[in-house]
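Worksheet for the structure shown next.
Quick note on labels: first sequence line is chain A, next is B, and so on, each numbered from 1.
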Amino acid sequence: MWWHRELARRPRLRGNRPLEVTCMTPPPSPVLPRTLAADLSTYADRPGTPVRIDGWVHRRRRLSGLAFVVIRDRSGTAQVVVRDEATLAALDGLPEETTVEVTGTTSTNPQAPGGVEVVDPQLTALTDAAATPPIELWRPKITAGLPTMLDAAPVTWRHPRQQARWHLAAASLHGFRSTLDAAGFTEVHSPKIVESATESGASVFEIDYFGRPAYLAQSPQFYKQVLVGVFERVYEVGPVFTRRAARHRAAPGGVRLARRRARVHRRPPGRGRCSSCRGGGDGRQHPRQSRIGRAAARHRGAGRARGVPVAALPGALEIAGAPADEPDLSPAHERAVGAWAREVHGSDFVVVEGYPTAHRAFYSHPEPANPDWSRSFDLIFRGVELVSGAQRLHRYGDYVQALRARGLPLEPYAAYIDAFKSGIPPHGGFAIGLERWTGRLVGVDNIREVTLFPRDLHRLAP
RNA sequence: GGCCCCGUAGCGCAGCUGGUUAGCGCGUCGCCCUGUCACGGCGAAGGCCGCGGGUUCGAGUCCCGUCGGGGUCGCCA
C-alpha cells in the first residue's frame with residue numbers, strides 16, 4: 001500500500017551521499033477522496049454523505065447482530081458500524097492491525113464517539129490479515145514492559161499515546177529550527193565518520209574505514225566551531241554516538257540539537273538576580289558567589305520568576321546540600337536543585353553556571369578575570385541536566401596553552417586547533433538531547449520509551 | 001566497575017518454610033448477546049518455570065555459574 005517516493009535525489013555524487021531527503025506517502029485513491037478519521041465529525045451536518053476512510057483495524061467489538069469497528073489512521077480513530085451479514089462474517093478475516101480501506105456513508109448518532117460514524121460500510125483489506133501484536137494497542141495505556149515494547153517497536157509506536165510522544169519530539173525539532181532560522185542561523189550537517197576522537201578520547205565507537213581506523217562522531221562541535229567562521233550562526237540536528245562504559249546507562253545514538261553562535265562573551269542570559277555575588281563558604285574565589293542556599297527562604301514568594309533562575313555552581317551545591325568543593329552536580333544534586341527551582345521560583349528550569357575550568361573540557365573558555373572558573377553552564381529541567389553549554393576558546397594560542405596546562409600532547413589535536421589560526425570569532429553554544437527533553441517532559445520512566453529505535457549495549461534491532 | 005531487584009503461557013503477574021495435576025487477569029480460538037466505546041456471558045487451547053550444573057527421595061522454589069532485563073552509586077563530558 002505505501003509507496004516510497006524519494007525527493008531530492010538529485011546529487012549524483014561519487015562516494016557516499018552526504019544527505020538525502022526522503023518521504024513516504026500513500027498513493028492517491030482512484031475512487032472517493034480520503035477522509036481522515038479526525039475529520040469525520042465535520043460531517044455532522046451532512047449525514048448520508050459517501051466517505052472513504054483508510055487505516056488500521058484498531059479494535060473490533062462484535063455484538064450479536066452488529067459490530068463496531070474502530071479504524072485508526074494518522075489523525076485518530078473513527079467508528080464504523082457493521083450490520084450486514086456478509087460484512088460481519090468478513091470481519092473474522094480482518095484482525096486488529098490489518099490495513100483496510102473503508103467506504104461507507106456518514107451517519108449522525110449521539111451514541112457515536114464524536115457524534116458521527118460510518119454506516120453500511122465496505123471493508124477491503126489492503127494487506128494480509130495482521131498477526132496478533134504483542135502489545136494490546138487498543139488499551140488506553142500500554143501494559144507491556146519495556147523490553148517487550150522495544151522488541152515490538154514498529155507496532156508499539158502505533159499506540160496513540162506513543163504517537164503523541166513522538167509528535168511532541170517532532171514539534172520540538174520544528175520549534176528549535178524555526179526559532180534559530182528566524183534568528184539568522186544556518187542549518188548545517190557535519191560528517192558522522194571522523195578521523196580522530198578529539199572530544200573526549202575515551203568512550204568512542206571505532207569503525208573500520210577502508211582498512212584504517214575511524215570513529216563515529218561523538219559531537220558535531222568541532223564542525224560547528226569551524227562553521228562559525230563561515231556563517232557566524234550555525235546549528236545542527238543530528239545523531240551523536242557516545243559509548244558509555246557503564247553497563248546500564250549505555251545509550252549510544254540519540255538525536256541532539258546543537259547550536260553554536262559567534263559573539264558570545266557574556267554569561268548565558270537568564271534571570272541572574274539570584275546569582276548575586278557574595279563570598280562563599282569554600283574559600284575559593286568565584287566570580288559570582290551565590291547566596292542562594294542561605295537565602296532560599298527569603299527568596300520564597302519574591303521569586304515568581306518569569307524567566308529562568310540562574311545559580312552559580314557554589315550556590316547550587318549549597319542548595320543541594322553538597323560539599324562545597326564538588327566540581328559538578330551529581331544526579332541527586334541536580335534533582336535537589338530542580339526541586340528548589342520549582343518551589344522557590346515556580347520554574348521547571350534552572351541554569352547552573354560557572355564550573356571549574358579544570359573539570360571542563362580543555363576547549364572551555366575561562367573567565368578572563370578568574371581563569372579557574374569557566375564560562376560554562378548546564379540547564380537543568382525538572383531535576384535532570386538537559387542542556388550543557390559554554391563559551392569555547394577561539395584563539396589558537398589559547399588552545400595550545402590549554403592543552404599544555406593539562407599535559408596533553410598537541411599532535412592529536414592538530415587538525416582541530418589549526419582551524420583557529422584562521423580567524424574564528426569568539427563563540428559559544430550548547431547542545432540538548434531530544435529524547436532527554438521529551439522523555440522528561442512527558443514523564444517516562446525510561447528514556448528509551450521516547451526513542452524511536454533505541455540502541456544499547458545489547459540491542460541492535462529493530 | 002560496586003551494590004540491590006527480576007527472568008514462570010502471546011502480554012502483565014501470583015506461586016509461602018522444597019511435596020503429588022504450576023495458577024490468576026488480559027489477549028487468542030469457539031459459542032451466545034441489536035449501541036458497544038478497556039463491551040458483556042459461557043467454554044477451550046496455550047508452559048523444557050531464561051540456560052547449565054549441584055544439593056535432595058523429590059527443585060519453579062535452595063546453592064553455584066552463565067546469559068538477559070531493571071534500579072542505584074561510582075567513573076566519564
Side-chain angles (χ1 to χ4, degrees), chain A residues 58-72 76-85 88 91-92 95-97 107-115 117 119 129-152 155-156 159-161 197-204 218-219 221 240-251 256 258 326-333 335 355-364 374 376-378 385 387-390 392 430-431 433 436 444-449 454 456-459:
Chain A
H58 189 60
R59 188 57 171 160
R60 297 167 296 173
R61 279 189 279 273
R62 290 214 57 167
L63 281 65
S64 69
L66 80 168
F68 300 96
V69 182
V70 180
I71 303 293
R72 185 190 72 244
T77 57
Q79 177 163 284
V80 173
V81 184
V82 180
R83 284 198 166 83
D84 144 67
E85 244 357 82
L88 282 173
L91 282 182
D92 290 339
E96 279 73 9
E97 295 313 307
S107 169
T108 55
N109 190 328
Q111 283 164 293
E117 60 194 6
V119 297
T132 305
I135 311 279
E136 290 162 6
L137 292 170
W138 63 89
R139 294 193 180 284
K141 284 183 185 174
I142 291 177
T143 53
L146 185 63
T148 308
M149 282 178 67
L150 300 185
D151 287 341
V155 158
T156 305
H159 192 282
R161 277 191 185 225
T198 53
E199 179 86 13
S200 73
S203 35
V204 293
Q218 277 192 294
S219 163
Q221 63 118 347
V240 294
F241 304 90
T242 55
R243 199 174 79 173
R244 296 262 163 87
R247 199 174 155 75
H248 291 304
R249 287 179 70 190
R256 293 193 102 194
E326 292 276 316
D328 197 359
L329 295 172
S330 70
H333 297 151
R335 284 193 286 274
Y355 290 86
T357 306
H359 287 270
R360 299 294 270 204
F362 70 87
Y363 40 70
S364 299
S374 64
S376 56
F377 75 97
D378 285 346
E385 179 191 314
V387 174
S388 204
R392 295 254 162 123
F430 64 83
R436 194 176 261 213
V444 297
D445 294 326
N446 193 303
I447 193 106
R448 292 175 203 145
E449 289 178 45
D456 58 39
L457 236 49
H458 297 282
R459 184 176 297 277

(request) Please lay out, stage by stage, how A:His359 and A:Asp328 fare under the test side-chain contact (heavy atoms from CB on, under 4.5 Å). (result) CA-CA 8 Å; A:His359 287 270; A:Asp328 197 359; over 6 Å; no

(request) Applying side-chain contact (heavy atoms from CB on, under 4.5 Å), run through A:Arg62 and A:Val82 and close with a yes or a no. (result) CA-CA 9 Å; A:Arg62 290 214 57 167; A:Val82 180; over 6 Å; no

(message) The test is side-chain contact (heavy atoms from CB on, under 4.5 Å); show your working for A:Leu137 and A:Glu96 and say whether it passes.
(response) CA-CA 9 Å; A:Leu137 292 170; A:Glu96 279 73 9; over 6 Å; no

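Ranking B:rG69, B:rG35, B:rG27 by closeness to the A:His458 side chain, first place goes to B:rG69. Comparing B:rA77, B:rG70, B:rC11 by their closest approach to the side chain of A:Asn446 singles out B:rG70. Of all nucleotides listed (B:rA77, B:rC33, B:rC11), B:rC11 comes nearest to the side chain of A:Pro134. Listed candidates were B:rC11, B:rC33, B:rA38. Nearest to the side chain of A:Leu63 is B:rC33. For A:Asp378, whose side chain is taken as the heavy atoms from C-beta onward, the closest listed nucleotide among B:rA38, B:rC73, B:rA77 is B:rA77. Across B:rG70, B:rG35, B:rG27, the shortest atom-to-atom separation from the side chain of A:Leu146 is found for B:rG70. Comparing B:rA77, B:rC11, B:rG27 against the side chain of A:Thr148 picks out B:rC11 as the nearest. Nearest nucleotide to the A:Thr132 side chain, out of B:rG27, B:rC11, B:rU36: B:rG27. Listed nucleotides: B:rG74, B:rU28, B:rG35. Nearest to the side chain of A:Glu96: B:rU28. In the set B:rA77, B:rU36, B:rG27, the nucleotide with an atom closest to the side chain of A:Arg59 is B:rG27.
When atom types are taken as modelled, the side chain of A:Thr77 and the backbone of A:Val70 share no donor-acceptor pair closer than 3.5 angstrom. Between the side chain of A:Arg161 and the backbone N or O of A:Pro140, at least one donor-acceptor pair lies under 3.5 Å.
Here the OG-CZ distance, from A:Ser376 to A:Arg360, works out to 4.0 Å after rounding to the nearest 0.5 Å. In this structure, A:Tyr355 OH and A:Glu326 CD are separated by 12.0 Å, a value rounded to the nearest 0.5 Å. The NE2 atom of A:His159 sits 9.0 Å away from atom CD1 of A:Ile135, with the distance rounded to the nearest 0.5 Å.
Rounding to whole angstrom units, CG of residue A:Leu88 and P of B:rG35 are separated by 14 Å. Here the C1' atom of nucleotide B:rA77 and the CD atom of A:Glu385 are 8 Å apart, to the nearest Å. When the P atom of B:rA38 is taken as reference, atom CZ of A:Arg62 falls 20 Å away, rounded to whole Å. Counting to the nearest Å, the C1' atom of B:rA38 and the CZ atom of A:Phe68 are 15 Å from each other. The CG-P distance, from A:Leu137 to B:rG10, rounds to 18 Å in whole Å. Going from atom CD of A:Glu136 over to atom P of B:rG10 covers 13 Å, rounded to whole Å. Residue A:Ile135 contributes atom CD1, which lies 11 Å from atom C1' of B:rG10 at whole-angstrom precision. As a whole-Å value, the separation of A:His333 NE2 from B:rG74 C1' is 13 Å.
In secondary-structure terms, RNA chain B builds stems of at least 3 consecutive Watson-Crick or G-U pairs, each pair having both distances under 3.5 Å, at B:1-7 with B:67-73, B:10-13 with B:23-26, B:28-32 with B:40-44, B:50-54 with B:62-66.
Judged by distance alone, with hydrogens and angles left aside, A:Arg83 brings a side-chain donor or acceptor within reach of the base of B:rG35, the pair sitting under 3.5 Å. Side-chain N/O atoms of A:Gln79 and base N/O atoms of B:rU36 include a donor-acceptor pair closer than 3.5 Å.
B:rG7 sits 9 Å from B:rC49 when the C1' atoms are compared, rounded to a whole Å. Taking atom P on both B:rC64 and B:rG25, the two are 36 Å apart, rounded to the nearest angstrom. Taking atom C1' in both B:rG2 and B:rC75, the straight-line distance is 11 Å, to the nearest Å. Atom name C1', nucleotides B:rG19 and B:rA9: the rounded distance is 24 Å, in whole Å. Going from the P atom of B:rC33 to that of B:rG41 covers 16 Å, rounded to whole Å. Across B:rU56 and B:rG12, the matching P atoms stand 37 Å from one another, rounded to whole Å. Going from the C1' atom of B:rC67 to that of B:rG52 covers 10 Å, rounded to whole Å. One C1' atom belongs to B:rG50, the other to B:rU8, and the distance between them is 10 Å to the nearest Å.
Here the rule is side-chain hydrogen bond (donor to acceptor under 3.5 Å, both in side chains) with A:Gln79, and of A:Glu117, A:Gln111, A:His58, A:Arg59 only A:Glu117 fits it.
Taking each heavy atom of A:Thr156 and A:Ile142 in turn, the nearest pair found is CG2-CD1, 3.8 Å.
A residue-by-residue look at A:Asp445 and A:Asp328 shows that A:Asp445 has its nearest nucleotide of RNA chain B further toward the 5' end. Mapping A:Arg60 and A:Pro133 onto RNA chain B via the closest heavy atom, the residue that lands nearer the 5' end is A:Pro133.
Residue contacts for A:Arg335: at a heavy-atom cut-off of 4.0 Å it reaches the sugar-phosphate backbone alone, with no base atom in range. Residue contacts for A:Glu117: at a heavy-atom cut-off of 4.0 Å it reaches a base atom on one of the strands shown.
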